Amino acid sequence: APPATTVISKPVYENTSAPVHLQPISSAETDDDEEQFDIVKYIGIIIRRRNVVILITILMTLFSVYRFFTADKYYVTNARLLFRPDKQNIMDEGNSYQSGILRDKLFTTHLELLRSNTVLKLVSENLESKISVAEIAKNITIKQGLTQGNKNDIIELSFRHANPVMARDALNELCRSYIEYRRDVNAQELNRLIFKFETQINKLQAELDSKESDLRLFKEDNRMLQLSNEANITVTSLINMELALQQTQIALIENKERITALSTQINTQEQDIVQSITYQDPFKNRLSSLELELNTLSAEYSPEHYKVKMVKQQIEQIKSSIVDSMSREAASRTFIKNPIREALIHEYINITIEKAALETKRTAQEQIIEKLNKDLARLPSLEQKYAYLQRETESQLQTLRLLKTKFEETKIKRDSQESDLKFLEMAETPQIAISSQKPTSVIIGILIGVILGITLAFILEYLDQSLKEPSDVEKQL
């Protein structure tokens, strides 16, 4: 029998040389899966530890509410002042010139001075030191008022204090003290004059008392009742002339004070101010024509062509003429004399002339008094002594009356000086207390509680190593 053949079948393999196209997993999808997984995990932690989150949130809420209701309470009151720089002197009928820049500077000065230590010290002293300067400065708020978003001429003030009556009194006293302070500053010149009058009045009163005493003793010792007609005429003329001399002296004092004040005001004023002008250019049309001609020639010829060069030269000459013309126009019309300074200088010159006339008048009066004294010296010695005492007494009395009249007139003029600030609305006693903690602090406390609760939940989850879900068991295996 033929031998059996063994057929070995080979497995048929597919052509592995053909490329296999694998679909890569996109990174975006992987990230989304991981992110979705992380979010779910974190939410699960928060839900699992919700008791911790709720507890911390409740505690922070209770703490915030407690702080809000137990915080220091204070009362707030408001006042308003009206700024009127053109109404400072009710006896002055002239219209004062105030530019916008000066108004703004003056308004800013008021805002700063209201916070100054000088004014706050006055307030503290007027309130008998019931409130300190530091406390006033800490609790006061001062700002410029607004009308539909635009700044106005109102100063708005507010003050807070634990005592509603003290809040009202402190703010009203601040407004009153500052108005009086500004009135005193504006009346410094008159205050100096009043002080001089007061000093002279006190001195003359003492001298008059002495002269009256001497005259009375002389009459008692010498039994003299009156002078002769001639002596009476001389004494009366002498008394009248001495009174006129005193009037001249007082006028000179007033003039000197006014000259000093005018000199200060003149020094603060600028000599020239800018005047806006419209410059009329006489070369404008000619320059436009040449520029048009240059553009036309440049399109036809090269820059080196003589026609192009000629037009360029003419343009440069016209430009130079324009500069010279503008310089002359600016020098002649741009600046004008400051009208305020010119008015002050004019008044200064007039008062200086008046001062010179008064000095001449004083010299003439002194010469007449010297002549009358010589006439009086020809009288008998006893009558001469009596005439001297009577003249001195009467002269001192008339001068004292004159000084007192001037003193009262100056005081009235000083008191008529008004501040450029007026009470628009006085502070009233506040009725409702305000907590030093704002209501938003409670909301902030709740948010902080939620954040702290979530943070504590994650920390506890991290420290807790126990198995919580079946998936954790699979991971461990």
Side-chain angles (χ1 to χ4, degrees), residues 89-93 183-184 186-219 226-227 229 231-262 347-348 350-377 384-417:
N89 190 347
I90 63 175
M91 296 183 67
D92 187 8
E93 297 180 355
R183 185 181 290 118
D184 292 341
N186 294 335
Q188 283 183 356
E189 176 186 347
L190 296 175
N191 284 331
R192 288 194 298 266
L193 196 58
I194 288 173
F195 176 75
K196 290 184 177 181
F197 283 153
E198 192 172 8
T199 303
Q200 292 182 2
I201 287 172
N202 294 333
K203 181 180 178 182
L204 281 174
Q205 186 65 58
E207 292 178 355
L208 178 61
D209 294 340
S210 176
K211 297 296 182 183
E212 287 178 342
S213 177
D214 292 342
L215 180 60
R216 185 178 63 256
L217 292 175
F218 183 83
K219 287 181 178 180
Q226 61 181 4
L227 296 171
N229 291 334
N232 264 328
I233 294 173
T234 304
V235 170
T236 303
S237 301
L238 194 55
I239 291 172
N240 292 335
M241 191 54 60
E242 288 180 341
L243 181 61
L245 178 61
Q246 288 296 329
Q247 291 175 340
T248 305
Q249 295 279 17
I250 292 172
L252 278 171
I253 293 174
E254 293 175 346
N255 274 13
K256 289 178 181 178
E257 290 293 331
R258 184 58 185 156
I259 286 174
T260 302
L262 284 173
E347 184 179 358
Y348 180 87
N350 290 337
I351 293 180
T352 304
I353 294 172
E354 184 180 350
K355 176 175 173 288
L358 288 172
E359 289 176 345
T360 305
K361 182 179 179 180
R362 181 183 61 182
T363 302
Q365 289 170 343
E366 289 174 347
Q367 292 175 354
I368 294 173
I369 289 174
E370 184 179 358
K371 181 179 180 298
L372 290 172
N373 281 325
K374 291 180 180 179
D375 295 339
L376 196 61
Q384 182 179 346
K385 178 67 175 177
Y386 180 75
Y388 171 77
L389 291 174
Q390 185 178 357
R391 183 203 72 179
E392 288 292 323
T393 304
E394 189 65 26
S395 178
Q396 295 283 358
L397 180 60
Q398 294 293 339
T399 304
L400 185 61
R401 289 174 180 171
L402 175 64
L403 285 176
K404 285 183 177 181
T405 301
K406 288 289 185 180
F407 177 75
E408 294 299 328
E409 289 176 355
T410 309
K411 283 181 64 178
I412 293 173
K413 187 176 180 181
R414 181 198 62 183
D415 294 338
S416 69
Q417 293 278 339

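From a predicted model like this one, the values you see are computed outputs, not experimental measurements.
Residue Glu242 holds its CD atom at 6.0 Å from CD of Glu392, rounded to the nearest 0.5 Å. To the nearest 0.5 angstrom, Thr352 atom OG1 is 4.0 Å from Ile259 atom CD1. Atoms NZ and CG, on Lys411 and Leu193 in that order, are 13.0 Å from each other to the nearest 0.5 Å. In this structure, Lys413 NZ and Ile194 CD1 are separated by 10.5 Å, a value rounded to the nearest 0.5 Å. Interatomic distance, CD1 of Ile368 versus CG of Asn240, reported as 11.5 Å (0.5 Å rounding).
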Please output the side-chain donor-acceptor pairs of residues 245-257 that fall under 3.5 Å, not counting sequence neighbours, one pair per line with the distance.
| residue | atom | partner | partner atom | Å |
| --- | --- | --- | --- | --- |
| Thr248 | OG1 | Ala244 | O | 3.0 |
| Thr248 | OG1 | Gln365 | OE1 | 3.0 |
| Thr248 | OG1 | Gln365 | NE2 | 3.4 |
| Glu257 | OE1 | Arg192 | NE | 3.4 |
| Glu257 | OE2 | Lys196 | NZ | 2.7 |

What side-chain donor-acceptor pairs closer than 3.5 Å can you find for residues 354-364, not counting sequence neighbours?
| residue | atom | partner | partner atom | Å |
| --- | --- | --- | --- | --- |
| Lys355 | NZ | Glu359 | OE2 | 2.9 |
| Thr360 | OG1 | Ala356 | O | 3.0 |
| Thr363 | OG1 | Glu359 | O | 3.0 |

Contacts under 3.5 angstrom, residues 399-409 side chains, donor-acceptor by atom type, not counting sequence neighbours:
| residue | atom | partner | partner atom | Å |
| --- | --- | --- | --- | --- |
| Thr399 | OG1 | Ser395 | O | 2.8 |
| Thr405 | OG1 | Arg401 | O | 2.9 |

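With sequence neighbours left out, Lys371 forms a salt bridge (Lys or Arg N to Asp or Glu O under 4.0 Å) with Asp375. Here Glu347 pairs with Arg258 under the side chain to side chain donor-acceptor pair (under 3.5 Å) rule; sequence neighbours left out. Evaluation of the salt bridge (Lys or Arg N to Asp or Glu O under 4.0 Å) rule for Glu394 yields no partner, not counting sequence neighbours. Asn350 pairs by the side chain to side chain donor-acceptor pair (under 3.5 Å) definition with His346, not counting sequence neighbours. Residues forming a side chain to side chain donor-acceptor pair (under 3.5 Å) with Asn191 (at least two apart in sequence, or on another chain): Arg414. By the side chain to side chain contact (heavy atoms under 4.5 Å, CB included) test, Thr260 pairs with no residue at all, sequence neighbours left out.
Counting heavy atoms from C-beta outward, Lys203 and Thr199 have side chains that stay 4.5 Å or more apart.
Judged as a salt bridge (Lys or Arg N to Asp or Glu O under 4.0 Å), not a single pair has a partner in residues 204-216 (not counting sequence neighbours).
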